[in-house]
Amino acid sequence: MLKTEGLTLHYGGSQILHGIDFEARVGEVTCVMGTNGVGKTSLLKAIAGVHPRSGGKITFNGEELPKLRPEGMAVRGLGFVPQGRMIFPLLTVTENMQTAFATLPKSEHFIPDEIYELFPVLKDMGYRRGGDLSGGQQQQLAIARAMIMKPKLLLLDEPTEGIQPNIIQQIGRVISYLRSKGDMAIVLVEQYFDFAFDLADRFYVLRRGAVEVSGTKAELGRERMKQAVSV
């Protein structure tokens, strides 16, 4: 679904990503790990078009893409749940979810029952403003909003950050369910090792903006992965 070749990114005069070769496959969870400041969030932003890449190629769903803005990537089927969730605090929960309709044909402007089955709290709180929700509830709302877009590729940046354990478990179940459907690729940036290792099929470990370790869960194993992300 997604392939990057030699991807580079600069912030001003500083180079953040150094020639990233990366792949995310349909029906898999691909996890990006590493210590703080190694370029994990920057990689997602470069893929999503939030920060235009400096160089390299991005191939998405078989098409090599020019440098696109986020709305161009969204229309092509990319859903992004950023760090910090970025929900609209003054819109209701229902209105927040309805913002996803912008990428869909008018015949699909409805919230699927599946959303409320996965996140029952969103139905109960549909009339409440997004800014009044707890962090865990906002995270559920952000993931639901991305799912309504029916993405081919879903990017999740630190979905467990600051979230209570029962919500972390629920988010893990939702990610497993989305993978099992077999119609999207999922890229997960995550610091919580056990959560990431249990969910992921494939790993990329970044160091100083470059890929240091990559491979499948079977190839790398738990101990090697723990060592790679703890240095």
Side-chain angles (χ1 to χ4, degrees), residues 27-32 40-41 44-45 48 50 70-71 74 77-201:
E28 290 188 355
V29 175
T30 302
C31 188
V32 182
K40 304 184 300 295
T41 292
L44 294 196
K45 288 181 174 180
V50 176
E71 57 267 29
L78 184 142
F80 185 23
V81 181
Q83 195 173 22
R85 301 175 279 273
M86 300 295 288
I87 57 99
F88 296 101
L90 299 182
L91 297 184
T92 67
V93 167
T94 300
E95 289 167 343
N96 264 278
M97 290 191 287
Q98 289 170 340
T99 63
F101 294 169
T103 64
L104 299 172
K106 197 160 188 178
S107 61
E108 297 178 20
H109 287 194
F110 60 90
I111 298 171
D113 293 340
E114 174 187 60
I115 297 296
Y116 293 127
E117 291 166 5
L118 293 171
F119 302 111
V121 70
L122 300 182
K123 190 168 189 177
D124 298 337
M125 296 189 169
Y127 64 92
R128 293 186 61 179
R129 294 193 305 182
D132 294 335
L133 271 56
S134 70
Q137 291 162 350
Q138 288 184 3
Q139 188 64 270
Q140 293 175 77
L141 174 57
I143 295 172
R145 181 176 59 187
M147 286 175 57
I148 291 168
M149 297 168 58
K150 301 183 179 178
K152 299 180 180 74
L153 172 67
L154 179 63
L155 308 181
L156 300 167
D157 193 359
E158 303 269 15
T160 67
E161 185 179 37
I163 306 299
Q164 56 268 45
N166 63 316
I167 303 298
I168 290 175
Q169 292 173 1
Q170 183 189 20
I171 289 170
R173 289 192 294 270
V174 169
I175 294 171
S176 294
Y177 165 74
L178 294 175
R179 172 180 52 196
S180 72
K181 292 178 71 176
D183 59 2
M184 74 170 69
I186 301 168
V187 177
L188 172 67
V189 164
E190 185 53 62
Q191 295 272 40
Y192 180 11
F193 180 83
D194 290 335
F195 179 86
F197 191 83
D198 290 346
L199 280 173
D201 301 286

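All values below come from the heavy atoms of this structure, side chains included, with hydrogens, waters and symmetry mates left out.
Interatomic distance, CD1 of Ile171 versus CD1 of Ile163, reported as 5.5 Å (0.5 Å rounding). Atom CZ of Phe110 is separated from atom CE of Met97 by 13.0 Å, given to the nearest 0.5 angstrom. Rounded to the nearest 0.5 angstrom, Gln170 CD and Gln139 CD are separated by 11.0 Å. Here the OG1-CZ distance, from Thr99 to Phe101, works out to 9.0 Å after rounding to the nearest 0.5 Å. How far CG of Leu44 is from CD of Gln83: 9.5 Å, rounded to the nearest 0.5 Å. Rounded to the nearest 0.5 angstrom, Leu141 CG and Asn96 CG are separated by 4.5 Å.
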For residues 121-135, which side-chain N or O atoms pair as donor and acceptor with protein atoms under 3.5 Å away, sequence neighbours left out?
| residue | atom | partner | partner atom | Å |
| --- | --- | --- | --- | --- |
| Arg128 | NH2 | Asp132 | O | 3.3 |
| Ser134 | OG | Gln137 | N | 3.2 |
| Ser134 | OG | Gln137 | OE1 | 3.3 |

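Taking every heavy atom of both residues into account, Phe80 and Ala48 meet most closely at CD2-CB, 3.8 Å. In terms of heavy atoms, Ala100 sits closest to Met149 at CB-CG, 3.6 Å. Closest heavy-atom contact between Ala74 and Thr103: CB-CG2, 4.0 Å. Closest non-hydrogen pair, Val81 versus Ala146, comes out as CG2-CB, 3.7 Å. Across Leu188 and Val29, no two heavy atoms sit closer than the pair CB-CG1, 4.2 Å.
Residue pairs satisfying the ring-ring contact (aromatic ring centres under 6.0 Å, His included) criterion with at least one member in residues 136-174, sequence neighbours excluded, are absent. Within the structure, salt bridge (Lys or Arg N to Asp or Glu O under 4.0 Å) pairs that include any residue of residues 144-173 comprise Glu108-Lys150 (at least two apart or interchain). Screening residues 187-197 for side-chain hydrogen bond (donor to acceptor under 3.5 Å, both in side chains) gives Asn36-Gln191, Thr160-Glu190, Asp194-Arg222 as the qualifying pairs, with residues at least two apart or on separate chains.
Counting heavy atoms from C-beta on, the side chains of Leu199 and Cys31 never come closer than 4.5 Å. Contact check for Leu104 versus Ile148: side-chain heavy atoms found under the 4.5 Å cut-off. Two residues are said to be in side-chain contact when any heavy atoms from C-beta on lie closer than 4.5 Å; Val93 and Phe119 fail this criterion.
Among residues two or more places apart in sequence or in another chain, the salt bridge (charged side-chain N to carboxylate O under 4.0 Å, His left out) test is passed with Lys181 by Glu114. Under the ring pair (Phe, Tyr, Trp, His ring centres under 6.0 Å) criterion, Tyr116 pairs with no residue at all, not counting sequence neighbours.
Within 6.0 Å of atom CG in Asn166, more than 12 heavy atoms from other residues, nucleotides or ligands are found, so the atom counts as buried in its surroundings.
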